[in-house]
Asks: 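The following block contains the structure, expressed as C-alpha coordinates.
Computation of the quantities below employed the complete heavy-atom set of this structure, encompassing side-chain atoms and omitting hydrogens, waters and symmetry-equivalent molecules.
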Amino acid sequence: MNIKPLGDKVVIKPLKVEEKTQSGIVLPGSAQEKPHQGEVIAVGSGVLNDKGERVALEVKPGDKVVYGKFGGTEVKLDDEEVVIIAEKDILVVLG
(Lines give C-alpha, C1' and ligand atoms only; values in the text may rest on other atoms or scores of the structure.)
Protein backbone atom coordinates (compact mmCIF):
# COMPACT_ATOMS: atom_id res chain seq x y z
CA MET A 1 0.00 0.00 0.00
CA ASN A 2 1.47 3.33 -1.06
CA ILE A 3 -0.21 6.21 0.75
CA LYS A 4 1.02 9.67 1.76
CA PRO A 5 -1.26 11.58 4.16
CA LEU A 6 -1.23 15.37 4.11
CA GLY A 7 -0.46 17.80 6.93
CA ASP A 8 -1.27 16.42 10.38
CA LYS A 9 -3.10 13.33 9.11
CA VAL A 10 -2.07 9.81 10.21
CA VAL A 11 -3.04 6.47 8.63
CA ILE A 12 -3.67 3.71 11.18
CA LYS A 13 -4.27 0.00 10.64
CA PRO A 14 -6.72 -1.07 13.38
CA LEU A 15 -5.84 -4.12 15.46
CA LYS A 16 -7.81 -7.29 14.86
CA VAL A 17 -10.95 -7.79 16.93
CA GLU A 18 -11.23 -10.85 19.15
CA GLU A 19 -13.86 -13.19 17.73
CA LYS A 20 -14.29 -15.13 21.00
CA THR A 21 -14.85 -14.06 24.57
CA GLN A 22 -12.55 -15.36 27.30
CA SER A 23 -15.16 -18.00 28.11
CA GLY A 24 -15.13 -19.25 24.50
CA ILE A 25 -18.35 -17.69 23.17
CA VAL A 26 -18.03 -16.82 19.46
CA LEU A 27 -19.18 -13.27 18.69
CA PRO A 28 -20.84 -12.45 15.36
CA GLY A 29 -19.40 -9.47 13.45
CA SER A 30 -22.27 -7.19 14.44
CA ALA A 31 -21.67 -7.82 18.16
CA GLN A 32 -17.95 -7.12 18.06
CA GLU A 33 -16.82 -3.74 19.26
CA LYS A 34 -14.48 -1.98 16.85
CA PRO A 35 -10.97 -1.55 18.25
CA HIS A 36 -9.65 1.87 19.05
CA GLN A 37 -6.05 0.72 18.92
CA GLY A 38 -3.87 0.30 15.90
CA GLU A 39 -0.50 0.61 14.26
CA VAL A 40 0.58 3.78 12.48
CA ILE A 41 1.45 2.95 8.86
CA ALA A 42 1.95 6.47 7.42
CA VAL A 43 2.17 10.05 8.68
CA GLY A 44 1.84 13.46 7.03
CA SER A 45 4.58 16.07 6.88
CA GLY A 46 3.23 18.06 9.84
CA VAL A 47 1.44 21.35 10.28
CA LEU A 48 2.59 24.94 9.87
CA ASN A 49 2.88 27.02 13.03
CA ASP A 50 2.17 30.76 13.31
CA LYS A 51 5.65 31.56 11.95
CA GLY A 52 5.14 29.42 8.85
CA GLU A 53 7.55 26.73 10.07
CA ARG A 54 6.62 23.06 9.63
CA VAL A 55 6.18 21.20 12.93
CA ALA A 56 6.78 17.46 12.59
CA LEU A 57 4.28 14.98 14.04
CA GLU A 58 5.04 13.15 17.29
CA VAL A 59 4.00 9.71 15.99
CA LYS A 60 5.89 7.68 13.41
CA PRO A 61 5.20 4.57 11.33
CA GLY A 62 5.28 1.45 13.50
CA ASP A 63 3.95 3.15 16.65
CA LYS A 64 1.05 1.42 18.41
CA VAL A 65 -1.59 3.99 19.36
CA VAL A 66 -4.99 4.42 21.00
CA TYR A 67 -7.30 6.87 19.21
CA GLY A 68 -10.67 8.47 19.90
CA LYS A 69 -13.82 6.43 19.33
CA PHE A 70 -15.39 8.88 16.89
CA GLY A 71 -12.22 10.28 15.33
CA GLY A 72 -11.11 9.60 11.80
CA THR A 73 -12.45 8.24 8.57
CA GLU A 74 -12.53 4.53 7.79
CA VAL A 75 -11.30 3.68 4.29
CA LYS A 76 -10.66 0.43 2.45
CA LEU A 77 -7.33 0.43 0.56
CA ASP A 78 -5.97 -2.67 -1.22
CA ASP A 79 -8.58 -4.83 0.60
CA GLU A 80 -7.38 -3.52 3.99
CA GLU A 81 -9.39 -1.37 6.39
CA VAL A 82 -7.49 1.70 7.59
CA VAL A 83 -8.41 4.80 9.58
CA ILE A 84 -7.26 8.25 8.49
CA ILE A 85 -7.16 10.51 11.53
CA ALA A 86 -5.76 13.86 12.65
CA GLU A 87 -2.84 13.55 15.05
CA LYS A 88 -4.76 15.52 17.70
CA ASP A 89 -7.29 12.65 17.87
CA ILE A 90 -4.60 10.16 18.90
CA LEU A 91 -4.78 9.77 22.68
CA VAL A 92 -1.61 7.83 23.55
CA VAL A 93 1.33 5.97 22.05
CA LEU A 94 1.66 2.51 23.62
CA GLY A 95 5.14 1.46 24.74
Asks: With sequence neighbours excluded, what pairs up with K64 under the side chain to side chain contact (heavy atoms under 4.5 Å, CB included) test?
Replies: E39, L94
Asks: List the atom of K9, the atom of L57, and the distance in Å for their closest heavy-atom pair.
Replies: O-CD1, 4.0 Å
Asks: Using the rule given for side-chain contact (heavy atoms from CB on, under 4.5 Å), can you reason through V40 versus V11, listing the C-alpha separation, both sets of side-chain angles and the distance that settles it, and then say yes or no?
Replies: CA-CA 6 Å; V40 175; V11 180; over 6 Å; no
Asks: Are V93 and V66 in one and the same hydrophobic cluster, where Ile, Leu, Val, Met, Phe, Trp and Tyr link if side-chain heavy atoms are under 4.5 Å apart?
Replies: no
Asks: Can you check whether L48's main-chain N or O pairs, donor with acceptor, with R54's side chain at less than 3.5 Å?
Replies: no
Asks: Determine the minimum heavy-atom distance between K13 and E80, stating which atoms define it.
Replies: CE-OE1, 3.2 Å
Asks: Can you tell which of D89, V83, L91 makes a side-chain contact (heavy atoms from CB on, under 4.5 Å) with Y67?
Replies: V83
Asks: Search all heavy atoms of E81 against all heavy atoms of P14 and return the closest pair with its distance.
Replies: O-CD, 3.4 Å
Asks: So, applying side-chain contact (heavy atoms from CB on, under 4.5 Å) with I12, which one of I84, I41, I90 is it?
Replies: I90
Asks: Measuring only between side-chain heavy atoms, which start at C-beta, is V65 closer than 4.5 Å to V92?
Replies: no
Asks: Can you name the nearest heavy-atom pair linking P61 to A42, along with the distance?
Replies: CG-CA, 4.4 Å
Asks: Check for a donor-acceptor pair, side chain of N49 on one end and backbone N or O of K51 on the other, with a separation under 3.5 Å.
Replies: yes
